[in-house]
**Q** 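Quick one: this structure, given as structure tokens, is what I'll be asking you about.
So you know, we letter chains A, B, ... as the sequences are listed, proteins then strands, and number each from 1.
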Amino acid sequence: MRGRYWIFDIASDEKGEKIYIWGLSQDGTPYLFVDTSFKDFFYVLDVNIDRLKTRLIEALGSRYGDISIESTYKVVNGVEKEVFIVSGPEETLKLASRAITSFFGEDKIFEDDVRYTQKYILYRGLRVCGWYEVEYGDEMELKGYRGYQLISYSPIEEAIQPRMKAVSIDFVISSTQGSPDPDRDPINAIVIFDGEKLEKFVLEGGNDVKMVREVIDYIAKLDPDVVISFYGNRTFFPYLVNRFKRMGLTMDLGRFPKEIHQSILGHFSFGGRINVDLYEYVDDIPFFQRKTLEELAEYLKIDRPSKTIDILLYNRYWREYREELIEYISWRAKAMYAAFKALEGDIYILSNVTGIPPDYVLTSSSGRQIEFYIMSEAVKKGLVIPRSSERFVRSYPGGLVIKPVVGLHRDVCVIDFKSMYPSLMIKYNISPETVVSSPVEEGFFFEEVGLGVRIDVNGLFPEILRTLLRLRNEARERLSKIPKGSPEFRLLDARQRIYKILANTVYGYMGWSLARWYSFEGASLVTYLGRRTISQAIEYASELGLKVIYGDTDSLFVKYDEAKVGRLLDRIYNEMGLEAKIDKIYRSILFTEAKKRYAGYTYDGSIDIVGLEYTRRDWCDYARELQYEVIKAVLVEGDKKKAIDVFRDYVARIRKGVVPLEKLVIWEQITRNLRDYKANAPHIEVAKELERRGWRIRRGMFIGYIVLKGGGPIYKRSVYYVEADPEKVDVNYYIYHQLLPVVHRVLSPLGVSKSSLEAVAAGTGRGLDMFMG
DNA sequence: TGGGGCCGGGG
DNA sequence: GTGTACGGCCCCA
């Protein structure tokens, strides 16, 4: 039989000798194909074949018969040589690789650290989230699920994705003693949304087993392809597994295999269904400052909740305002569903491009995403995949930052090098295997850093970068011919974006000590050439009589002069072989004394604020809003007096006590284990206090705190924001340590002194006095 | 008063 | 768990 299927997940059996492929037919029916034709394997090199066999017989005993050894040629570290392919069931190979490693050493074995399912994708060149024409044979019975023996498949071009059936899930788990404990606290409620119907399961009485069973049956009946959650991998799924395993119950959420199992990096898998934890999506994007579902919903223009309930208040709401809590998690489930629908195309494209199945592409870090892409390119070229090993973390110099010319400037343009690091890597053939630390006959060498490259071979990374940039250009080319807003447009746009992101990640990946293709020298050489390039461009600019006001890594801010800037760009192109462009033009731009902190007003009418407090979550919203208004007054209206009036007004309002408490919250992240902190700081102290009260504080959590009145250091009088008494807020802290500094930062380059602002805050001055500077 | 710890955002 | 450069807060000696 044959048909067209969209492949969305890959799994393997327990022994590791069969591959399960999940596909969706055009009408949205799930199909399971079983491929028994692909064996797991690894490479062994530079060992004596007889000794290898003897060692394997010793280690494997009767299971030696399950494996086979063949020889072939592969490129290892740039050299083609004979290698042995040891193949067999994944389970047996694990024993074999351990035996080889301990006997012959870790450097004699390759790709034993690449999982069976990954190898399948790599060596079969499978495009996940793509359409295939599949030929398959007999129906097979797999513990109650039916699958088909796979015969062959070939990719087909089809841009549109099938309609995936998704359900979102949210829950209430609460405790009177801080964080809920799976041994002690039942699950209070679960809501499930399938796009049309919202089903609520609310615990009556003390035993949640029956309720959870109903939930599982309900999900099985809906039979979704995707299960959407927000933070599910870190809370709900582990809780489910732990709570019910101890009761001797299994958690069947999958099609086949059914049971939830924890795989890499805290990800939970359900056979045949994709687990999408949207937290993993927002986590990677700096734009989302607090990583909440509310932020994601706002960004996607999804309806707001009538009220947001902090997790610390769940228990109280569960007891006293249950309806409101259920309403909130119902909103969450619906918002997650809507968010997934808006983002699913992006997820599938990311999956398709990197080769990582959608089930865990969001869980994979950007380093692992680009690494998988590089692995697939390496396999295509017959290169052996290096292993990643523990290495010393060494740091090296980065980009060059020019000190800004302080003050307000008019007509300033920003010149950007186009993809500077990727372009340099291409121009100089920089790749882990081409970098040298002494001069070579065919190549470049840079004495200042004692590093160079050979150019007698094409580097892997430059080739990958050329491909990525070409694919991006092709995608953009096609985009210009498609109507904006159509589904095809959105998918292609996502695709070109991902190519760009991947290209920009390659340099950082090379400098990452855990990378399979780690190259400290390569990364150092790239940044060195970056510094040289920007310095050279500055020289050209001054030769042309362009005044450089600021610059950072790959950008230059110069006083705008159309003709001269044009000549600068030409010179960069002709003499350096690199492309630069005018990124934007500011009618007014303000630089403080500090690097990486400025605000500008463009000719498009938008205000850019970079690095200043306005952009930072560790300043309260009230101060951030004030800074925005001050910047606007200065840049757009050119009115310093108005800026000071705004400040005066903000001070008056907080003194009156009319500022909502949530605008005074300062958010900071817990970045390590609480006991590893050496210093005292407000957010750390608040977190420690929560921990004393039974809350589990984990790395990555955001602590929102408010500073209260009292003497001594502020870490001793900061409290978790939901527990602050509005009467006790330290108004003076907020005036002198939040409001005043953000105003001073912007006005000080314009000659407004701190003391004059203090006088305004105290109500004794107008701010525009003679104490300047 | 200055240096260390810590955090967040820029390119 | 992609990289480095940077500013600025609070705390403490």
**Q** Tell me the interatomic distance from A:D283, atom CG, to C:dT2, atom P, rounded to whole angstroms.
**A** 11 Å

**Q** Send over the distance from A:I666 CD1 to B:dG8 P, rounded to a whole Å.
**A** 12 Å

**Q** Between A:R394 and A:F392, is NZ or CZ placed under 6.0 angstrom from the six-membered ring centre and within 45° of the ring axis?
**A** no

**Q** I want to check one thing: is the phosphate of C:dC12, taken as OP1 and OP2, less than 4.0 Å away from some side-chain N or O of A:Y715?
**A** yes

**Q** Across the strands shown, which category fits A:E371 at heavy-atom distances under 4.0 angstrom: base, sugar-phosphate, nothing?
**A** nothing

**Q** Can you tell me the distance, in whole Å, between the CD1 atom of A:I402 and the P atom of B:dG10?
**A** 19 Å

**Q** Among side-chain atoms of A:Y622 and A:Q738, is any donor-acceptor pair under 3.5 angstrom?
**A** no

**Q** Between A:D676 (CG) and B:dC6 (C1'), how many Å, whole number?
**A** 14 Å

**Q** Kindly say whether A:V752 contributes a backbone atom to a donor-acceptor pair with the side chain of A:S756 at under 3.5 angstrom?
**A** no

**Q** Does a side-chain N or O from A:Y677 land closer than 4.0 Å to OP1 or OP2 of B:dC7, or not?
**A** yes

**Q** Will you find, in the side chains of A:Y586 and A:D608, an N or O donor that is under 3.5 Å from an N or O acceptor?
**A** yes

**Q** Give the residues of residues 612-632 of chain A touching DNA chain B, defined as any heavy atom closer than 4.0 Å, sorted by residue number.
**A** A:T615, A:R616, A:R617, A:D618

**Q** Answer yes or no: does a side-chain N or O of A:H737 lie under 4.0 Å from OP1 or OP2 of C:dC10?
**A** yes

**Q** Under 4.0 angstrom, heavy atoms only, what part of the nucleic acid is A:Q369 near: base, sugar-phosphate, or nothing?
**A** nothing

**Q** With a non-hydrogen cut-off below 4.0 angstrom, is A:R672 in contact with a base, only sugar-phosphate, or nothing?
**A** sugar-phosphate

**Q** Can you check salt bridge (charged side-chain N to carboxylate O under 4.0 Å, His left out) on A:R234 and A:D283, steps first, answer last?
**A** CA-CA 13 Å; A:R234 297 174 211 216; A:D283 196 20; 3.7 Å; yes

**Q** So, A:D277 and A:H267: side-chain donor and acceptor under 3.5 Å apart, yes or no?
**A** no

